[in-house]
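Beneath this line is the structure, given in structure tokens, with notes to follow.
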Amino acid sequence: MDLLKRPMLRFALCLMILCFSLGASADWLWGSDEQPQPRVKVVKPFIEWRTGPASGYPVFHASEKGEWLTLLKRKTAWLKVNDEKGREGWVHVEDVLETVDATGEKVVLNEPRFDDFGSRRWEMGLLMGQFEEAASTAIYGGYQMTENLSAELWATQILGSASEIQMYNVNIVHQPFPDWQLSPFMTLGAGHIFIEPKSTLAVPEDRDNSIGHAGLGVRAYVTDNYFIRAEVKDYKIFTSRATNEEALEWKIGLSIFF
Amino acid sequence: MENRTKHIFLTRLSLASLVMFSGLTAAQEDERPLIEPDVQPQKVDEALIDTENFEIGAFVGILNIEDFESSFLWGGKLTYHLSERVFFEANVGFAEGGETSFEKLAGNVQVLSDDDRDYRYYNVNIGFNLLPGEAFLTEDYAFNTNFYLVGGAGATEFGGDTRFTANAGVGYQVLLTDSLAVQFVVREHLYRIDVLGEEKTSMNTEVSTGLSVFF
């Protein structure tokens, strides 16, 4: 029972913090409604309403041309609306983009497209793969400085049967063809590697070395604001011994851009 | 006679023009609203539309740790919905391993120290809303639901060792409101471990339920 109490308590604390933060966020999100929600007017013959934010949900109503809809909230590509009779439902963003606002102009919502992929500023993602024989998981964030050049920060965890490795890298990425949907890049960087051998091995000795790397990869734009990223990197581990070590890593993952 | 005709013609003309003119001014007056609105017509400001693509939550459940009994599990998750179908999910979970059958039978033996019995995992997954649906509570009250598949990878810390861990599972989510959801998850965690001598694949089943909020 003692074993149960501690995690229970920690869990309850977490729940409390969660509830508190939700209460706080609810206040600034919904608490003071000074500005009215935006309204749009249907100009197509009709707009279909669904019961939920996915195309699998059934259509239960349609707004006719000339009706006014209030935009309440958004989940992925679906907007929750209500009309003057107080009905509520979900309409697709493509339908909302064909409505007009009170000034009579077409509604403009920021829909990420391939064009934005070229002009992105920030990207972040998660990649998985192999570092030599071991499984490697990495997260990164990048800032695009020019069309061709970006700087990135990586944190990698490598879990093998002989050791646990943590690796941090800074690198510069050059993409020669920023307009391509499938855009190759090359990269150069440096960092630090922390190797912790498994305790079951005979002489466990923690190691902490500098590393440098060069790599090749590709970014493939998928849709909206995400893309697939795949890369191969060759690491040089600078040891204090007579010879340096080399390691090859490949990984693939999904990234989002802003 | 001529004068008279002129007179009639002219008066008629002036009358007609008068009528036309007054009609015109009346029409002009009609176009103006009775009360001038104070507000200018507003363009749609996207910032006023609350987007709810993120979801944060906590869960509790039972984790069956292979060879080390089943124990209470708790944790948190963060989800980002890319589209109506696809989402990213990150989890952290905490549990504590129990005793092996050997420890129970032999009495005074300990395979692992208390610290090494702490079980921690994290994972990052891709999920797929396979069957969106509705659950009907009463005749006119329905909850939106999602039956989803989820799978990915991460790490498990247990027995003084951190191991790469793959996981896959299914979940059933019931949206109590648009922003509040309850979910039931069954998930299998797989990793290689050598805590009991030789290295083997450890299968750990998680059954959990949680509450999450969209923001």
Side-chain angles (χ1 to χ4, degrees), chain A residues 3-4 6-8 10-11 14-15 18 21-22 25 29-30 35-40 51-58 71-80 101-105 107-110 126 128 134-137 139 157-161 164 198-200 223-226 254 256, chain B residues 40-46 48-53 56-58 60 71-76 80-85 87-88 90 94-96 98 117 124 126 129 131-134 142 144-146 152-155 160-166 175 178-179 191-192 194 199 211 213-215:
Chain A
L3 294 180
L4 271 177
R6 208 157 44 101
M8 277 285 211
R10 275 189 290 182
F11 175 73
C14 268
L15 207 68
L18 185 74
S21 61
L22 286 176
S25 72
L29 273 179
W30 306 296
Q35 273 186 291
Q37 289 298 112
R39 297 174 79 226
V40 297
T51 58
S55 48
Y57 290 107
L71 308 177
L72 301 175
K73 64 166 78 171
R74 179 172 180 172
K75 271 187 182 182
T76 65
W78 295 85
L79 283 128
K80 189 176 192 179
D101 59 22
T103 59
E105 280 179 45
V107 170
V108 182
L109 297 174
N110 180 27
L126 179 103
M128 287 184 184
S136 152
T137 309
I139 53 168
Q157 186 184 37
I158 298 151
L159 299 168
S161 50
E164 184 193 338
K198 299 279 180 199
S199 50
T200 43
T223 174
D224 287 346
N225 62 337
Y226 51 103
L254 214 55
I256 41 180
Chain B
Q40 290 293 313
Q42 289 285 318
K43 287 185 91 65
V44 169
D45 180 5
E46 205 178 351
L48 290 175
I49 308 168
D50 181 23
T51 52
E52 297 193 339
N53 293 337
I56 191 167
V60 287
S71 36
F72 174 74
L73 168 78
W74 66 280
Y80 174 68
H81 293 267
L82 285 172
S83 71
E84 61 183 64
R85 288 282 186 193
F87 60 88
F88 272 140
F94 304 91
E96 198 154 24
R117 274 178 218 272
V124 184
I126 288 186
N129 286 324
L131 304 168
E134 282 177 287
N144 285 343
T145 63
N146 270 312
D161 209 350
T162 310
R163 291 295 180 127
F164 178 76
T165 307
L175 284 109
D178 288 319
S179 318
Y191 54 86
R192 304 278 297 168
D194 56 1
E199 190 169 274
L211 208 62
V213 177
F214 286 80
F215 66 100

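Sequence lines set the chain letters: A, B, ... in the order given, protein chains first and strands last, and positions in each chain run from 1. Predicted model, so just to flag it, every value in this text is computed and none were measured.
- Taking each heavy atom of A:Gly56 and B:Pro132 in turn, the nearest pair found is CA-CG, 4.4 Å.
- For A:Thr103, the parts lying under 4.5 angstrom from a heavy atom of chain B are both the backbone and the side chain.
- Heavy-atom distances place the side chain of B:Leu175, and not its backbone, under 4.5 Å from chain A.
- Interface remark: A:Thr223 contributes no atoms to any contact with chain B (heavy atom separation under 4.5 Å).
- Chosen from A:Leu72, A:Leu71, A:Leu254, the residue pairing most often with chain B at heavy-atom distances under 4.5 Å is A:Leu254.
- Within the 4.5 angstrom heavy-atom criterion, no atom of A:Ile139 approaches chain B.
- Remark: the backbone N or O of B:Leu48 is paired with a side-chain donor or acceptor of A:Gln37 at under 3.5 angstrom.
- In this structure, chain B has no heavy atom under 4.5 Å from any part of A:Ser136.
- The side-chain hydrogen bond (donor to acceptor under 3.5 Å, both in side chains) test with B:Glu52 singles out one residue from A:Lys73, A:Lys80, A:Arg74, and that residue is A:Lys73.
- Contacts between A:Leu126 and chain B at a heavy-atom distance below 4.5 Å involve the side chain alone, from C-beta outward.
- Of the residues considered (A:Ser55, A:Gly104, A:Gly160, A:Ala134), A:Ser55 shows the highest number of contacts with chain B, using heavy-atom pairs under 4.5 Å.
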- Message: Using the rule given for side chain to side chain contact (heavy atoms under 4.5 Å, CB included), can you reason through B:Phe164 versus A:Thr137, listing the C-alpha separation, both sets of side-chain angles and the distance that settles it, and then say yes or no?
- Response: CA-CA 9 Å; B:Phe164 178 76; A:Thr137 309; 3.9 Å; yes

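- For B:Asp161, the salt bridge (Lys or Arg N to Asp or Glu O under 4.0 Å) partners are A:Lys198, B:Arg163, not counting sequence neighbours.
- Within the 4.5 Å cutoff, the side chain of A:Leu79 has heavy atoms near those of the B:Ile49 side chain.
- There is no contact between B:Phe87 and chain A, counting heavy-atom distances below 4.5 Å.
- Within the 4.5 angstrom heavy-atom criterion, atoms from both the backbone and the side chain of B:Asn144 approach chain A.
- A:Ala77 does not touch chain B: none of its heavy atoms, backbone or side chain, sits under 4.5 Å away.
- For B:Ala155, the side chain to side chain contact (heavy atoms under 4.5 Å, CB included) test picks out A:Gln157, A:Leu159, B:Tyr122, B:Thr162, with sequence neighbours left out.
- A:Lys75 places a side-chain N or O within donor-acceptor distance of the main-chain N or O of B:Asp178, the cut-off being under 3.5 Å.
- Here the side chain of B:Glu84 pairs no donor or acceptor atom with the backbone of A:Thr76 at under 3.5 angstrom.
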